[in-house]
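Here the structure comes first, spelled out in structure tokens, and everything after it is commentary.
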Amino acid sequence: IYGYFATRDGLVTTLINDVATDLADALDAAWEATSADDPATRIRGWANAFRNWSLANPQGFRLIFGDPVPGYLAPEGGPAPDAVRRICTGLSALAATAWPHARHLYEGSEFDWSDFDPGLLDDVRSAFPELPPAAVALSLRIRGHLHGLVSLEIYGHMRTMTLNPDKLFNEELTQLLRALALTPQS
């Protein structure tokens, strides 16, 4: 397989790009499959797609979200800039979807644009120019909720804590939606 790539880093870059693109495709499909008129269902669908993809592709999850590959030097801009941008935009879209309902919960927020990485802001502000800094923070909190439980599950830490990780994840989503002042339409 190394004969197809000039360097090991070229192989790793291709793998990361392919895996991240596959995840971005799954997340985009979940987003498109839900109605913009039902933000709670849209967020739940995206979150479930993230978890389902991750559980079906644990090695891929570890490759893009786990420890860096020893000695790997990513190309400038990262190994999968388009896919990462799509995933980041998807997370920001979750916050943008929730923001009209949750805005009142963040009145008096002390977040400022200087609290965030300029590269993140370039992506978020170009896709969602109306979002304030508190909504960017919200997108990172949503990521923390989703990524945290999924990471524990992928790395095998949930097996010793719960016999029903599905139930725990679904309850976490329900509580997250409540914290965002969202309820699904029936």
Side-chain angles (χ1 to χ4, degrees), residues 1-33 42-43 45-98 111-129 131-158 165 169 172 176:
I1 193 164
Y2 285 109
Y4 294 101
F5 298 92
T7 65
R8 180 191 78 115
D9 286 353
L11 170 63
V12 174
T13 296
T14 298
L15 289 171
I16 292 171
N17 185 57
D18 289 352
V19 168
T21 298
D22 188 50
L23 172 58
D25 290 345
L27 297 174
D28 288 348
W31 181 263
E32 294 300 322
R42 188 161 249 196
I43 290 169
W46 198 95
N48 283 323
F50 176 75
R51 180 174 180 256
N52 292 340
W53 181 92
S54 299
L55 293 176
N57 300 280
Q59 295 84 3
F61 179 92
R62 289 183 188 106
L63 182 64
I64 59 177
F65 295 118
D67 291 334
V69 175
Y72 171 64
L73 181 61
E76 183 151 341
D82 293 332
V84 169
R85 188 174 304 106
R86 287 170 53 205
I87 294 166
C88 175
T89 301
L91 281 162
S92 300
L94 300 181
T97 297
F111 283 103
D112 190 54
W113 294 119
S114 63
D115 293 323
F116 305 100
D117 177 79
L120 170 68
L121 291 179
D122 287 346
D123 291 341
V124 172
R125 293 179 88 181
S126 65
F128 305 98
L131 287 183
V136 177
L138 175 60
S139 73
L140 296 176
R141 287 183 53 232
I142 292 170
R143 178 183 180 180
H145 280 273
L146 303 179
H147 193 265
L149 277 178
V150 170
S151 292
L152 288 171
E153 202 168 357
I154 293 297
Y155 285 96
H157 301 296
M158 296 300 283
F169 187 80
E172 180 64 18
L176 174 62

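Not measured: the values here are computed from a predicted model.
- Looking only at side-chain heavy atoms (C-beta outward), L140 and F116 come within less than 4.5 Å of each other.
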Should F128 and V136 be marked as a side chain to side chain contact (heavy atoms under 4.5 Å, CB included) after you check the CA-CA gap, both sets of side-chain angles, and the distance that decides it? CA-CA 10 Å; F128 305 98; V136 177; over 6 Å; no

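- Side-chain contact between L176 and R141 is absent, with no heavy-atom pair separated by less than 4.5 Å.
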Worked verdict on F5 versus L15 for side chain to side chain contact (heavy atoms under 4.5 Å, CB included): CA-CA 11 Å; F5 298 92; L15 289 171; over 6 Å; no

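- In this structure, the side chains of W31 and T97 come closer than 4.5 Å at one or more pairs of heavy atoms.
- The distance from the NE2 atom of H147 to the CG atom of L91 is 10.0 Å, given to the nearest 0.5 Å.
- Applying salt bridge (Lys or Arg N to Asp or Glu O under 4.0 Å) to R85 and the options D122, D28, D123 leaves one that passes, D123.
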What verdict does the side chain to side chain contact (heavy atoms under 4.5 Å, CB included) test give for F65 and V150, after you've listed the backbone C-alpha separation in whole Å, the side-chain angles of each residue and the deciding distance to 0.1 Å? CA-CA 11 Å; F65 295 118; V150 170; over 6 Å; no

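- In this model, no donor atom of one side chain and acceptor atom of the other lie less than 3.5 Å apart for D9 and T7.
- The CD1 atom of I64 lies 7.5 Å from the OG atom of S54; values are rounded to the nearest 0.5 Å.
- L138 CG to S92 OG: the interatomic distance, rounded to the nearest 0.5 Å, is 10.0 Å.
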Only distances under 3.5 Å count here; give the side-chain donor-acceptor pairs of residues 55-62 to other protein atoms, sequence neighbours excluded, each with its distance to 0.1 Å.
residue	atom	partner	partner atom	Å
N57	ND2	W53	O	2.8
R62	NH2	I154	O	2.9

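- In this structure, I87 CD1 and T21 OG1 are separated by 8.0 Å, a value rounded to the nearest 0.5 Å.
- Contact check for M158 versus L149: side-chain heavy atoms found under the 4.5 Å cut-off.
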Under the criterion side chain to side chain contact (heavy atoms under 4.5 Å, CB included), I'd like the reasoning laid out for T14 against Y4: C-alpha separation, chi angles, the key distance, then a yes or no. CA-CA 11 Å; T14 298; Y4 294 101; over 6 Å; no

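- One finds the CG atom of L63 at 4.5 Å from the CD1 atom of I16 (value rounded to the nearest 0.5 Å).
- Between the CZ atom in F169 and the CZ atom in F50 there is a gap of 8.0 Å [rounded to 0.5 Å].
- Side chain of D115 to main chain of D112: a donor-acceptor pair is present (N/O by atom type, distance under 3.5 Å, no hydrogens or angles).
- Smallest separation of non-hydrogen atoms from G66 and Y155: CA-OH, 3.3 Å.
- Among all heavy-atom pairs drawn from L146 and A47, the shortest one is CD2-CB, 3.5 Å.
- Of all the heavy atoms in N17 and P79, the pair that sits closest is CB-O, 3.5 Å.
- Here the shortest heavy-atom pairing between P165 and E153 reads CB-OE2, 3.4 Å.
- Heavy atoms from other residues, nucleotides or ligands lying under 6.0 Å from CG of D117 number more than 12.
- Taking every heavy atom of both residues into account, A49 and A30 meet most closely at CB-CB, 3.4 Å.
- Between L131 and W113, the closest heavy-atom pair is O-CH2, 3.1 Å.
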